[in-house]
Amino acid sequence: MPAVSKGDGMRGLAVFISDIRNCKSKEAEIKRINKELANIRSKFKGDKALDGYSKKKYVCKLLFIFLLGHDIDFGHMEAVNLLSSNKYTEKQIGYLFISVLVNSNSELIRLINNAIKNDLSSRNPTFMCLALHCIANVGSREMAEAFAGEIPRILVAGDTMDSVKQSAALCLLRLYKTSPDLVLMGEWTSRVVHLLNDQHMGVVTAAISLITCLSQKNPDEFKTCVSLAVSRLSRIVSSASTDLQDYTYYFVPAPWLSCKLLRLLQCYPPPEDGAVKGRLVECLETILNKAQEPPKSKKVQHSNAKNAILFEAISLIIHYDSEPNLLVRACNQLGQFLQHRETNLRYLALESMCTLASSEFSHEAVKTHIETVINALKTERDVSVRQRAADLLYAMCDRSNAKQIVAEMLSYLETADYSIREEMVLKVAILAEKYAVDYSWYVDTILNLIRIAGDYVSEEVWYRVIQIVINRDDVQGYAAKTVFEALQAPACHENMVKVGGYILGEFGNLIAGDPRSSPLVQFNLLHSKFHLCSVPTRALLLSAYIKFINLFPETKSTIQEVLRSDSQIRNSDVELQQRAVEYLKLSSIASTDVLATVLEEMPPFPERESSILAKLKKKKGPGAVSVNELEEGKREGELNGGGERGGDNSGIAASNASTPSPSADLLGLRTVPPVTAAAPSAGSLLVDVFSEAGVNDDGFLRDLEPPTESSDSLLAEGPGDSDSAPPSAVSEDPAPPLPESNELLNKFVCKNNGVLFENQLLQIGIKSEYRQNLGRMYLFYGNKTSVQFVTFTTTVTCPGELQSQLNVQTKTVEPLIEGGAQVQQVINIECLTDFLEAPLLNIKFRYGGALQNLTLKLPVTINKFFQPTEMASHDFFQRWKQLSQPQQEAQKIFKANHAMDTEVLKAKLLGLGMALLENVDPNPENFVCAGVIQTKAQQVGSLLRLEPNAQAQMYRLTLRSSKDTVSQRLCELLAEQF
Amino acid sequence: MIGGLFIYNHKGEVLISRVYRDDIGRNAVDAFRVNVIHARQQVRSPVTNIARTSFFHVKRSNIWLAAVTKQNVNAAMVFEFLYKMCDVMTAYFGKISEENIKNNFVLIYELLDEILDFGYPQNSETGALKTFITQQGIKGQTKEEQSQITSQVTGQIGWRREGIKYRRNELFLDVLESVNLLMSPQGQVLSAHVSGRVVMKSYLSGMPECKFGMNDKIVIDKQGKGGTTDDAGKSSGKQSIAIDDCTFHQCVRLSKFDSERSISFIPPDGEYELMRYRTTKDIILPFRVIPLVREVGRTKLEVKVVIKSNFKPSLLAQKIEVRIPTPLNTSGVQVICMKGKAKYKASENAIVWKIKRMAGMKESQISAEIELLPTNDKKKWARPPISMNFEVPFAPSGLKVRYLKVFESKLNYSDHDVIKWVRYIGRSGIYETRC
């Protein structure tokens with residue numbers, strides 16, 4: 001308090017404060033404050049001028065009232081007046097009031113700046129310090145603008161007092177932090193750096209904070225500070241504790257300065273100059289040596305100061321990461337701390353060791369402390385220390401000690417704190433995978449993990465175990481056995497049931513030989529857990545059951561019984577109900593071959609960076625698991641995984657090529673983001689099921705569901721299953737036309753509208769109209785599923801010479817069809833000359849990630865361009881005779897495919913587009929038609945005669961037209977119609 | 001269903017804590033203290049919801065009463081109960097203060113046991129409670145007396161015990177009203193209403209049947225229609241008042257009020273509140289305040305306020321107090337008033353003008369000069385309204401007691417033998433005039 005220093009006690013202030021403290025209620029306090037404010041107002045208003053003392057007293061009171069949380073809207077002027085006082089206490093209160101209360105946009109700021117300027121230029125060091133403190137406390141942009149040029153001058157001026165230099169350095173630091181653009185060091189730089197050589201330790205300490213901050217922005221400009229800092233550090237470190245007098249803190253020479261110097265050095269790489277480097281190494285060694293010396297005092301401050309320097313030195317050593325000797329020494333030093341009484345020290349030691357463990361020089365040294373760390377994990381009382389211990393164990397783990405560490409972590413997990421369990425689980429899962437020597441150990445570990453901490457096992461973990469089991473035939477049998485045994489526990493976690501259901505469903509056959517795990521036993525075991533599980537798990541179990549039917553036909557009746565029960569087939573949950581119904585039908589309708597195809601074993605998953613690792617990264621934030629560490633992990637993985645793992649990583653393409661695509665669909669590729677038609681790399685096609693954020697439980701399970709979906713895609717792609725080719729090949733080339741496309745084409749010879757094509761996914765409707773040689777066709781693509789189709793593209797091609805015969809123009813369709821939606825496409829057709837073939841329509845889209853590719857024939861036939869011609873009997877026969885050349889006639893005798901109904905025949909002939917001529921043929925049973933085919937190049941007149949023979953169920957069809965190819969074609973087309 | 005009831009002193013220390021239901025934990029006590037009593041901002045709402053627990057509080061001087069519940073209760077019921085609780089405590093040990101509560105904590109727990117059962121309010125009639133919760137030791141009651149208490153408390157007329165005898169049958173009736181007003185500077189009434197209470201103190205023997213009549217418009221009109229024609233015109237004039245709503249003490253037979261609009265009841269013994277009502281029409285405003293504020297430059301303010309009394313000259317208003325708010329940057333005040341005393345109270349930021357007595361149809365005036373300190377705040381003074389306090393010996397709503405008849409068939413005293421006293425007191429509620 002200024003009052004104390006001055007001797008005049010400001011009794012009024014003391015009384016006021018004690019009054020406030022004695023107030024019984026808030027209301028009373030407010031009343032007292034109101035009274036005081038009125039008093040101060042009347043005093044300030046009063047005509048006679050107040051003396052400095054009363055002004056100071058009232059400003060003090062206002063300050064106190066303000067700090068109690070009340071608004072103060074007057075008194076600023078009085079405070080500014082105080083600034084010009086010559087008394088220290090009055091000036092100090094004035095500055096205090098201003099730095100607390102004056103906001104930067106006040107109109108008083110000019111007055112204040114003026115006062116500050118006066119004080120800065122005064123020769124009085126205390127006034128200068130006060131002014132600098134005020135600038136630093138306010139630290140506004142205006143202040144920076146006004147004084148940023150002035151302060152560096154004060155800082156480096158030769159005649160400035162040390163205390164003022166200190167304040168100036170810190171003030172400049174503050175201004176630099178608020179508005180770095182205004183503080184330009186420029187010519188001052190080297191002089192500021194040389195402050196490190198100042199005799200006064202306080203100045204050095206203040207300057208080094210400034211230099212550290214500045215050098216972070218422009219490291220190059222301040223590069224010279226390294227050698228200065230090193231020499232300063234060595235002088236401090238080597239000095240006897242008594243040399244520095246005031247700056248020796250409990251027998252430690254200048255601890256704060258040392259820490260700051262070490263921290264400054266951490267901004268730079270190791271010095272290149274050999275001498276400097278040697279000196280620095282020497283310093284660090286000395287620091288490490290000093291740590292070994294017996295303490296000079298028992299006070300905690302002594303050890304704290306010493307350790308602060310030590311830890312800062314160790315982080316510098318780690319930062320340089322180039323001195324194996326020092327690293328090992330640091331590691332040993334930390335090892336000692338691991339057993340220290342002080343909890344904070346143990347924490348810090350563990351934390352530093354984590355970073356040490358990632359250095360290749362000290363990794364081995366860190367490993368020697370494994371027992372201590374494990375012990376710490378078990379016995380530490382503070383959870384944060386245990387957490388660090390777990391981190392360190394994770395960091396120091398490699399192939400040699402993986403088994404031990406994983407075992408220890410697992411055993412600790414049973415008693416671990418809830419807050420770190422999930423992270424521990426992830427770590428165990430990663431380590432187990434990364435350093436798995438044999439995969440049976442891996443499976444054991446993960447199953448143990450699920451058993452011990454099932455609730456904390458995130459989906460990624462159990463997805464991963466399934467991934468690995470599926471990709472590795474050598475563990476499948478073992479996994480099935482282990483899972484089977486694990487499931488026999490009376491109570492097991494739901495995640496265990498999921499893994500069990502999946503693995504037994506896939507590989508249950510591998511252990512079926514043993515009578516103790518016969519198919520029925522397996523099924524009963526799984527089913528005993530069924531009712532205790534949540535809906536997604538039940539759904540997964542249902543999938544496992546249908547797989548059982550495939551694996552063990554003898555269980556079929558039992559499982560069908562289960563599926564048929566009301567609790568399944570009438571389950572209130574739609575998903576379960578649908579599965580039950582579909583599986584039941586599938587098992588009863590499909591033949592064993594179909595069943596075997598549909599329920600084929602899952603194909604291997606594409607290998608990628610473990611998604612668990614990604615999850616851990618996300619959980620801990622970017623800083624926690626450094627990129628370094630990850631890369632390290634990857635490298636380790638490759639090293640340790642040896643042939644197998646390396647093979648996986650590089651063998652992506654290979655495993656991809658061997659992936660049969662229809663089942664790849666089952667793996668949830670549906671959630672793949674749209675792959676552009678341009679050039680989907682193999683990598684983007686193969687998506688790690690588990691790293692997809694969008695995969696929720698449900699989605700994943702649905703993806704696992706083999707029968708419905710796969711039968712869909714099988715049907716969709718037809719028997720001409722082009723998908724047995726590698727998927728990358730599939731994606732681009734249009735599939736060959738469907739075999740039934742000719743049939744489909746024939747359907748449309750006599751009609752213009754209808755459904756062209758339909759499967760489980762897609763329906764294509766068609767509507768067309770023709771005028772002369774022009775035609776317009778509307779295609780309607782309907783998405784029958786609830787999932788959207790992406791990258792939907794259609795192309796119409798005219799193969800071979802059709803290109804010159806038919807001009808087809810299409811408009812592009814939307815690349816995206818929502819579930820249940822329909823899109824329309826218009827195709828304009830111009831017939832240039834007569835043609836034989838039909839144009840091809842190729843449709844490609846992705847349904848849930850799987851590429852669908854189908855090709856159809858567009859029902860454009862020559863007869864569509866018929867123009868009916870009415871003519872009388874004799875005209876007809878005249879023309880008929882005109883076209884009597886043998887090549888102009890085409891005749892076909894064929895058996896009737898349909899009933900010989902006169903009306904139906906008439907309708908079909910009319911649909912053909914020709915005019916049906918009545919009373920022309922002498923035999924009323926016969927039909928004759930006439931029409932002209934309109935093409936751009938020419939018109940082709942055609943005559944038709946159809947003679948049914950009801951007794952023989954035969955037809956004779958005769959066509960005559962001016963162009964022989966037309967006759968032939970028409971004859972072919974029509975022969976299929978009757 | 002009140003879960004618990006706590007009483008705190010002004011520091012937030014718990015004086016009484018009674019938990020009725022298991023869903024209220026110990027931490028509820030602290031939650032209220034932390035979030036309401038010690039809140040940084042003053043908590044205005046009487047209902048606070050903290051972590052799915054509702055706290056209903058009332059404050060009496062420095063004492064906080066808080067009822068706690070986790071359920072969705074009728075808030076009006078809870079507050080009614082808290083007020084009743086205050087009444088009961090006042091009736092037992094006088095003013096509610098920290099010291100009184102500390103001295104009577106056993107009694108309070110006893111009362112709480114009686115008036116709240118598993119969170120449901122029970123009989124809280126002071127008269128009835130006093131028969132079995134007593135402050136002095138009394139001689140063990142005989143069996144008959146005990147059974148009489150039981151039958152009375154559980155019986156139909158729980159508020160009155162049988163066999164009361166007075167030598168003088170006496171009856172006091174107070175009509176207490178508070179009048180609320182907000183007026184514009186030009187004298188236009190922006191809002192006005194009267195909330196009134198009829199408080200009765202009865203010292204009657206036996207089980208008397210009483211009938212209370214007042215100049216309720218509906219009753220008067222009905223009689224006017226049934227009665228002679230020349231009476232009708234007169235009674236529908238100024239003589240009757242329109243009551244917006246009213247509530248009665250539990251002793252009043254509501255069925256009879258609903259059907260005939262007559263108020264008949266067997267009164268409790270001692271003091272109780274017979275009814276509460278509210279009126280908004282034809283209010284007699286006892287005082288008119290005419291403010292005149294002139295800002296002279298940035299540093300001076302001139303205020304002149306005239307008050308006019310607006311009732312019969314024979315009546316005397318008392319305890320008149322006019323409060324004229326002053327700006328926050330007031331640095332000095334000079335006041336001149338013709339009557340009474342006026343003073344600038346810095347702690348309240350107001351000029352307070354007090355007049356002891358004032359007859360009807362008079363007027364008085366105050367003028368003040370306020371010096372201001374220029375501030376760098378650009379905010380203009382908000383000019384809060386001038387408020388006023390007073391007490392007048394009539395009912396500003398115009399309510400008149402027409403009769404109060406007492407019938408006691410079993411004992412031999414009649415309506416004429418009962419000494420009846422009627423008194424009207426009109427007080428100011430929030431009586432403000434903008435300036």
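Order of the sequence lines fixes the chain letters, A, B, ..., with proteins taken first and strands second; residue numbering starts at 1 for each chain.
Counting non-hydrogen atoms of neighbouring residues, nucleotides and ligands closer than 6.0 angstrom, the NZ atom of B:K59 exceeds 12 such neighbours. Shown here is B:F105, whose CZ atom has no more than 12 heavy atoms of other residues, nucleotides or ligands within 6.0 Å. A 6.0 Å sphere centred on CG of A:D71 holds no more than 12 heavy atoms belonging to other residues, nucleotides or ligands. Heavy atoms from other residues, nucleotides or ligands lying under 6.0 Å from CG of A:L532 number more than 12. Heavy-atom neighbours of B:R18 CZ from other residues, nucleotides or ligands within 6.0 Å: above the threshold of 12.
In terms of heavy-atom proximity, A:S42 sits nearest to B:S331 at CB-O, 2.9 Å. Scanning both residues, B:T299 and A:K45, for their nearest heavy atoms gives CB-NZ, 3.6 Å. A:R41 approaches B:N349 most closely through the heavy-atom pair NH2-OD1, 3.9 Å. Closest approach of B:L373 and A:F74 over heavy atoms only: CD2-CD1, 3.5 Å.
Checking each of A:E27, A:E36, A:K31 against B:S347 for a side-chain contact (heavy atoms from CB on, under 4.5 Å) leaves exactly one that passes, namely A:K31.
Identified by a heavy-atom distance below 4.5 Å to chain B, contributing residues of residues 126-134 of chain A are lacking entirely.
The candidate from B:L372, B:L328, B:T326 with the greatest count of non-hydrogen atom pairs under 4.5 Å with chain A is B:L328.
In this structure, NZ on A:K35 lies 11.0 Å from CD on B:E348, to the nearest 0.5 angstrom.
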